[in-house]
Amino acid sequence: MRIGRWPVAAILACWMSVAANAAPEGIPFGRSLLDHAIAERLAGGGRVTVSGRDLAAPDLRALYAPRDYAPLWVGQDGPSPRVRELLDALAGAGREGLVVDDYYRDEIDNALVGTGLADRVAAELLLSAAAMRYGADVAVGRIDPRRLTDQIDFGPRSIDRPALALTAATTPDVDAYLNGLAPARPAYDDLRRALAQYRELAAAGGWPTVPDGPLLRPGDAGDRAPALRARLEVTGDWSAHAAAGGDRDAPVHDEALVAAVERFQARHGLAVDGIVGPRTLAALNVPATVRVGQIVATMERWRWLPDALGNRHLLVNVPDFSLTVVDNEQAVRRMKVIVGRPTRPTPLFSSDLTWMEFNPTWTVPTSIAEKDYLPVLLDDPGYLADHNIRLYSGWQAGADELSATDIDWSLVGRGIRGLMLRQEPGSGNALGKVKFMMANRFSVYLHDTPGRSLFSRDVRTFSSGCIRLAEPLWLADYLLDGAARWRGTRRASILDGWDTTRMSMPASMPLHVVYVTAWIDDQGRMNFRDDIYDIDSGLLDALAVARPPHQQLVQAD
């Protein structure tokens with residue numbers, strides 16, 4: 001058996017020369033020399049640096065102080081069998097999208113073959129620090145999500161790191177315990193398998209690029225068709241078998257190749273038309289290393305979410321422009337949504353839907369009033385009246401109603417933030433027939449929209465942050481199922497008129513607004529979506545820290 005790079009016999013030969021159970025004068029009764037050395041190393045409240053690495057000092061003190069500094073991993077007889085199991089777990093960090101070097105592997109190996117008491121102390125502390133860091137990284141992620149952007153309100157999730165290390169040091173199967181801390185959901189397990197596959201693709205050189213050129217339509221001929229087949233064959237979208245023995249080098253964008261392009265487009269959220277245009281060409285030529293990065297980033301983001309999403313819940317995937325209704329792990333309904341444009345992104349958070357409002361008024365947020373409405377009012381003071389928007393002198397109750405045509409808007413400027421603009425219910429109301437409310441610090445919600453034509457677009461980044469629903473009344477019926485007030489003539493009267501009506505839901509519904517750019521669908525196909533808000537790239541840069549970006553993200557396990 002080997003521990004790290006070194007055989008156990010060699011380690012024992014070195015360590016047996018140190019009397020670990022000796023207790024010279026000055027050491028408290030019952031405490032060994034090693035215990036005392038650990039206590040001395042952790043004394044005080046300052047930093048704990050071992051082999052040049054800063055360790056989590058408060059966590060180490062919280063772990064060892066209740067044990068009177070007795071070691072967990074090493075002793076006079078050498079390393080515990082758990083050491084080998086821990087190092088095996090750390091060696092497989094790549095499976096979880098993590099980087100082995102983050103967990104002190106070289107430093108642990110060097111300490112384990114050292115001959116002095118200081119080496120035993122170093123090995124002990126490094127092993128505990130590695131177990132805590134690895135377990136926490138697998139379970140709750142490596143960074144505070146709020147560091148990336150103020151538009152994320154997940155976490156950081158807490159975890160008891162000292163308890164984690166103590167359990168790892170005493171459990172029968174360290175590897176199973178630590179990796180069992182990963183998110184227990186099928187989507188994460190799928191990505192773990194996809195990561196191994198795409199790392200292999202990246203290590204083999206990825207896929208060939210398709211040359212730039214004009215639109216490639218069904219039936220077109222040219223030298224780009226063979227390059228397109230070669231590209232699609234690598235990811236399994238085209239195969240000679242599926243093409244009934246088709247010629248890889250045929251210069252025609254034939255029927256089998258069109259079908260392969262359509263499969264690729266469906267997997268990447270593109271218009272499924274078999275035409276290779278600018279967006280499809282750009283997706284075809286995204287390097288395999290970038291796709292690896294998207295998988296790693298998505299695995300990290302799954303760790304930010306609560307352990308339990310809810311037996312019934314709603315999942316809005318922003319870069320997929322979709323809302324999925326989930327009941328007992330099964331998708332009940334999937335509908336299109338419109339999300340915020342990149343300059344006004346839809347935030348990411350978890351909350352609970354608790355009530356909805358039919359025929360709502362819309363109070364224009366101050367930022368939208370200044371950025372969107374003020375420029376319009378400078379040219380057309382009658383715009384508010386034309387769109388059923390009332391203007392008030394302030395936000396307080398009883399504020400006076402004003403006429404927009406009586407105001408010199410060139411003198412207002414940022415002062416428009418002190419005025420309240422409120423759109424009354426009606427066919428042109430920006431919120432449509434219904435809005436769905438949940439607590440969040442961004443003041444965003446789900447709602448209907450009169451702009452139905454935008455749902456036909458493939459890229460649906462048109463809102464100012466709120467989420468517009470393609471099927472809001474279906475969702476209202478689903479959420480109000482069982483509500484006595486939502487039946488028959490009551491429902492009809494609410495939907496047929498324009499009276500504002502608030503309805504509480506029979507039970508709250510968890511909502512998770514997430515950013516998933518890589519997943520495997522129900523047909524087992526790998527899906528990718530564009531990084532519309534640059535959250536993938538920002539997260540990967542934050543994770544890389546001092547490493548060259550993506551240098552170790554494509555490594556094999």
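This chain uses plain numbering: 1 for the first residue, then up along the sequence. Quick caveat: nothing in here was measured; it's all calculated off a predicted structure.
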>> Please check: side-chain N/O of Arg267 versus main-chain N/O of Phe528, any donor-acceptor pairing under 3.5 Å?
In response: no
>> Could you check whether any side-chain N or O of Arg344 sits under 3.5 Å from a backbone N or O of Gly465, counting only pairs where one atom can act as donor and the other as acceptor?
In response: no
> What pairs with Arg414 under side chain to side chain donor-acceptor pair (under 3.5 Å), at least two apart in sequence or on another chain?
Replying inline: Glu370
> Who pairs with Tyr478 by ring-ring contact (aromatic ring centres under 6.0 Å, His included), at least two apart in sequence or on another chain?
Replying inline: Trp474
> So, Ser32 side chain and Asp35 main chain: donor-acceptor pair closer than 3.5 Å or not?
Replying inline: yes
>> Run Tyr445 and Leu353 through side-chain contact (heavy atoms from CB on, under 4.5 Å) and show every step you take.
In response: CA-CA 9 Å; Tyr445 36 84; Leu353 293 184; over 6 Å; no
>> Under a 3.5 Å distance rule, please check whether Thr298 uses its side chain to pair with a backbone N or O of Val516 as donor and acceptor.
In response: no
> Would you say Arg146's side chain and Asp153's backbone share a donor-acceptor pair under 3.5 angstrom?
Replying inline: no
> Okay, side chain of Arg341, backbone of Phe462: is any donor-acceptor separation there less than 3.5 Å?
Replying inline: yes
> Under the salt bridge (Lys or Arg N to Asp or Glu O under 4.0 Å) criterion, do Arg105 and Asp101 qualify, and how do the steps go?
Replying inline: CA-CA 6 Å; Arg105 280 301 309 275; Asp101 290 346; over 6 Å; no
> Is Asp536 paired with Arg291 through a side-chain N to carboxylate O contact shorter than 4.0 Å?
Replying inline: no
> Can you list every pair that meets ring pair (Phe, Tyr, Trp, His ring centres under 6.0 Å) and has a residue in residues 144-171, with sequence neighbours left out?
Replying inline: none
> For Asn311, does the CG atom sit with more than 12 other heavy atoms under 6.0 Å from it, leaving out its own atoms?
Replying inline: yes
>> With side chain to side chain donor-acceptor pair (under 3.5 Å) as the rule and sequence neighbours excluded, what pairs involving residues 320-338 come up?
In response: Asp320-Ser322, Asp320-Arg334, Asp320-Arg529, Arg333-Glu471
> Can you list the residues that meet the ring-ring contact (aromatic ring centres under 6.0 Å, His included) rule with Phe321, with sequence neighbours excluded?
Replying inline: none
>> Please evaluate residues Trp519 and Asn317 with respect to the criterion side-chain contact (heavy atoms from CB on, under 4.5 Å), reporting the C-alpha separation (whole Å), side-chain torsions for both, the decisive distance (0.1 Å), and the verdict.
In response: CA-CA 11 Å; Trp519 74 92; Asn317 185 6; 3.8 Å; yes
> Between Ala122 and Ala111, which heavy-atom pair has the shortest distance, and what is it?
Replying inline: CB-CB, 4.1 Å
> Is there a donor-acceptor pair closer than 3.5 Å between any side-chain N or O of Tyr515 and the backbone N or O of Arg301?
Replying inline: no
> Given the rule in the side-chain contact (heavy atoms from CB on, under 4.5 Å) test, do Val513 and Asn440 qualify, once you have shown the distances and angles that lead to the verdict?
Replying inline: CA-CA 11 Å; Val513 184; Asn440 67 94; over 6 Å; no
>> Could you check whether Tyr64 and Glu124, counting side-chain N and O atoms only, form a donor-acceptor pair closer than 3.5 Å?
In response: yes
>> Using only atom types and a distance under 3.5 Å, with no angle test, would you say the side chain of Asn110 pairs donor to acceptor with the backbone of Glu107?
In response: no
>> Taking ring pair (Phe, Tyr, Trp, His ring centres under 6.0 Å) as the cut-off, I'd like each qualifying pair that reaches into residues 288-310, sequence neighbours left out, listed once.
In response: none
> For Val100 and Ala91, which heavy atoms make the closest approach, and how far apart are they?
Replying inline: CG2-O, 3.7 Å
>> Test side-chain contact (heavy atoms from CB on, under 4.5 Å) on Tyr533 and Leu348; report intermediate values, then the result.
In response: CA-CA 11 Å; Tyr533 296 159; Leu348 310 179; 5.8 Å; no
> Does Ser504 use its side chain to pair, donor to acceptor, with the backbone of Trp355 at less than 3.5 Å?
Replying inline: no
> Among all residues two or more places apart in sequence or in another chain, which pass the side chain to side chain donor-acceptor pair (under 3.5 Å) test with Tyr188?
Replying inline: Glu96, Arg303
>> So which atom in Pro156 and which in Pro145 form the shortest heavy-atom distance, rounded to 0.1 Å?
In response: CA-CD, 4.3 Å
>> Below 30° counts as parallel, above 60° as perpendicular, anything between as tilted: where do the rings of Phe442 and Phe349 land?
In response: tilted
> Which pair of heavy atoms, one from Met526 and one from Ala518, lies closest together, and at what distance?
Replying inline: CE-CB, 3.8 Å
>> Just to verify, what does Asp190 make a side chain to side chain donor-acceptor pair (under 3.5 Å) with, not counting sequence neighbours?
In response: Arg193
Donor-acceptor contacts under 3.5 Å from residues 42-52 side chains, at least two apart:
residue: Arg47; atom: NH2; partner: Asp54; partner atom: OD1; Å: 3.0
residue: Arg47; atom: NH2; partner: Asp54; partner atom: OD2; Å: 2.5
residue: Thr49; atom: OG1; partner: Asp54; partner atom: OD1; Å: 2.5

> Under 3.5 Å, side chain of His512 to main-chain N/O of Leu305, donor-acceptor pair present?
Replying inline: no
> Closest approach of Met356 and Met505, non-hydrogen atoms and distance?
Replying inline: CE-CG, 3.7 Å
> Residues in ring-ring contact (aromatic ring centres under 6.0 Å, His included) with Trp395, at least two apart?
Replying inline: none
>> Tell me which pairs pass side chain to side chain donor-acceptor pair (under 3.5 Å) where either residue lies in residues 163-187, with sequence neighbours left out.
In response: Tyr134-Asn179, Asp175-Asn179
> What residues, two or more places apart in sequence or in another chain, satisfy side chain to side chain donor-acceptor pair (under 3.5 Å) together with Asp59?
Replying inline: none
> Minimum heavy-atom separation for Pro345 to Thr343, with atom names?
Replying inline: CD-C, 3.6 Å
